Amino acid sequence: MNILGENVIIASEKNIFSLTNKYYSYVFCVGGNGILEHIYYGAPLTDPINSFSHHYKTHRDGVLHFQGKKNYNLSEIPQEYPTFGSTDFRFPAFHCKNKDGNTISVLKYKEHFIISDKKLLNGLPSARGGKCNTLIVRLEDNLHKIEVDLAYTIYENHGVLVRSSKIKNHGNKKLELRNIYSSSIDFPASQYKILHLHGSWSREFSEETMSVPMGRFVIDSNRGSSSAAHSPFIALCEDQCNEVSGNVYSSSLIYSGNHSISVEKGEFNNIRLLTGINPFNFNWSLSPGESFQSPEAVHAFSKNGLRGMSHIWHSFIREKIAPINFKNKPRPTYINTWESSYFKVNQEEVLNLADKAVSIGLEMVVLDDGWFEGRNDDSSSLGDWYADSNRFPDGIQDLAIKIKNKGLKFGIWVEPEMINTRSELYKKNPDWVLMAPGRISSLGRNQLILDYCNEDVVNYIFDKLDKLLSGGNIDYIKWDMNRNMSEVGSPKVAKQKQLEVPHRYILGLYSILSRLTKKYPNVLFENCASGGNRLDLGMLSYMSQSWPSDMSDPIGRLKIINGCSYLFPLDVLSAYIGPSPNHQNGRITSVSSRFNAGAFCAAQGVSLNYSDIDKNKGELTDLVNFAKEHSSDMIGGNFYRLKKSDNVFCWQYITKDYEKVFLLYFHILSGPNKPFEHIKFVGLEKNSDYLQVCNDKLYSGNLLMENGFTLPYVSMTDDNNKVSYMPKGDFSSKLFVFKKV
Ligand code: DGJ
């Protein structure tokens, strides 16, 4: 038995492994046949399980007897790491072609180890350790000498279980790995609903809820990035579960490439959840002596519905995933040149925008796309990472210094994984791109993808970025990636290993990110991929914040943030006030609504042109001041989805010191004479009073939680004659601040 602190127990007795902390228990055992059998996952068990029995046996004739054991049929046994080829016909966690040319594997318990804390994975991002224990169970296929290490990490203070698998070839012939899921969980038969997040450019993180169908439901990516089409996240909600109560089992992956999360409802209504690298179009050859490490899957269990689940993810991501150097740091408010100027940026323009930024109190200028040699539109120059000599004659370092002399920070956009055929780099190295022999490479946004399987390419790009950053004048990098991968092949990788290219690419990406972020710990990195096309736990391990979407219209943005918030804390997101009419959907909205939709995100900015800034100077100045005043408040607190309907979003946020409470009420379409609703606050101190800052009204915490706060706040003159109301009209919103007194 092994105990960490008061609560975390990894017990292994009588062949039963029991992982328990204050949030959950996860129990499995070595079955009679050496197969690792799953027993239980859910609310913490108070007593250790000493004996149990699987009641999964049917009474039909002709049942398959696994390895001669009567009535032991793997189709009916919940397992920890199922294989294919004997008596289980469901999609396996492990599928591998052996020297005999078949894919039959039998993995049996060999030994186990318990280590205090947790090791970081080599070459892959992984959850940080600290106050945790890790159980490693070693399985073996005796016939082919394949060893599989299943790692399970349980933390004292987090409701997550981190799992991964490592395959070692101890045989004397090559293996071909096909499915190497990071984790598999077999749930007992029950009614579950699935919540998942899907989308596309400008409408990322749309939520869908559905009953688990019979058969297999899979969310995955074969686009080379985790993608907005299916975010690597799923929540399995037990039937009666809702926002605030019920059991939720959710899963995500610390990985940025092709992922797969599969939910299979089998013939006995039992459910198998697989999380890992997408096995489609994946094949990894493992020579004798070699090993393959899967990325880490993370499972969060909540017995308090989706809200409880989100809070578990939020705290885990802050503590164990997001880089520690910016963990508690308020983010600078900024102006971004993209929607203000697009490709028409030049030295003079940026300096003028910097003056505008100063005039409304912003703290950083971000020079977005368009600054490097010949980049007048999106058809050229990616790869040539030096300043355009006509538009930035004095270079980037000089510009950065001038901006810093105005009292601002300076940030810059790069897209280092891409190349245009119209570039110096492509002329010199046409074979530095992903491509397949005899195939014409499809362009995406006029660009090709650099071959990050090629070490020369990775080193070249590292050197270019190193040069940019080593001047010491760049405070922030926006790392963009604007296309899906097609004709995926690498001239550097052997013919037989071409299906390894997507994963090798991601390993190349992680190696450059890890080197750069280590070398420049004080540079704030922002992850972007045409918005939220690669917003995942892998990228967040290197970059403190992410641009969740190019949708800067507040109505579009609300839905995206709401979806994002199931998994991500809003302190890893950035937001800005974009133009109106909105460039993506043409909607006209007020400045305050554009701000309010992103008000709980950690990084706040604007992307407006001069005349829009001038026209709205007073209001922008007030909002920037508000953002600055609350920039540290927006880090580390608790976010609550109080209401979401077709027409209304209402969110609440409490700061981490519980001193301030923010309430955002947003309606999409207005209407006359609307009925009031009572929005009930949550998480307040019932014996404390809260002061509504806009009108100095005092409310008791108890009343705000039990009776609620009346909304929409249409119009009102309070005792001090201060008018405070929710503006009339469509797309209007009101952000309230309360202080505990
Ligand atoms: C896509 C990003 O999402 C935008 O914010 C902007 O940076 C453009 N790329 C620049 O090309």
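If you're wondering where the values come from, they're calculated on a predicted model, not measured in any experiment. Just follow the structure's listing: the first ligand is 1, and inside any ligand the first atom is 1.
Residue contacts with ligand 1 for Ser530 involve N, CA, C or O but no side-chain atom from C-beta outward (heavy atoms, distance under 4.0 Å). With a 4.0 Å cut-off on non-hydrogen atoms, Met481 does not touch ligand 1 at all. Contact annotation for Asn482 and ligand 1: only side-chain heavy atoms (C-beta onward) come within less than 4.0 Å of the ligand.
Note: an N/O pair closer than 3.5 Å links Gly531 and ligand 1 by distance alone. Taking only nitrogen or oxygen atoms, main chain and side chain alike, Trp338 does not reach within less than 3.5 Å of ligand 1. Annotation: Trp413 places an N or O atom under 3.5 Å from an N or O atom of ligand 1; distance criterion only.
Under a 4.0 angstrom heavy-atom cut-off, Glu415 registers as lying outside contact with ligand 1. The closest approach between any non-hydrogen atom of Glu339 and ligand 1 is not below 4.0 Å.
What sits closest to atom 4 (C) of ligand 1 on the protein, heavy atoms only, is Asp550 OD1, 3.4 Å. Annotation: atom 11 (O) of ligand 1 to nearest protein heavy atom, Asp369 OD2, 2.6 Å. Ranking protein heavy atoms by distance to atom 5 (O) of ligand 1, first place goes to Lys478 NZ, 2.8 Å.
In this structure, Lys492 places its NZ atom where only 12 or fewer heavy-atom neighbours from other residues, nucleotides or ligands lie under 6.0 Å away. Within a 6.0 Å radius of CD1 in Ile324, other residues, nucleotides and ligands contribute 12 heavy atoms or fewer.
Paired with Tyr542 under the rule ring-ring contact (aromatic ring centres under 6.0 Å, His included), one option of Trp479, Tyr510, Phe326, Phe525 passes, and it is Tyr510.
By the 4.0 Å N-to-carboxylate-O rule, Arg534 lies close enough to Glu417 to be salt-bridged with it. Of the charged side-chain nitrogens involved, at least one lies within less than 4.0 Å of a carboxylate oxygen, so that Lys356 and Asp614 count as a salt-bridged pair.
Comparing Thr337, Asp368, Leu382, Asp480 by heavy-atom distance to atom 1 (C) of ligand 1, the nearest is Asp480.
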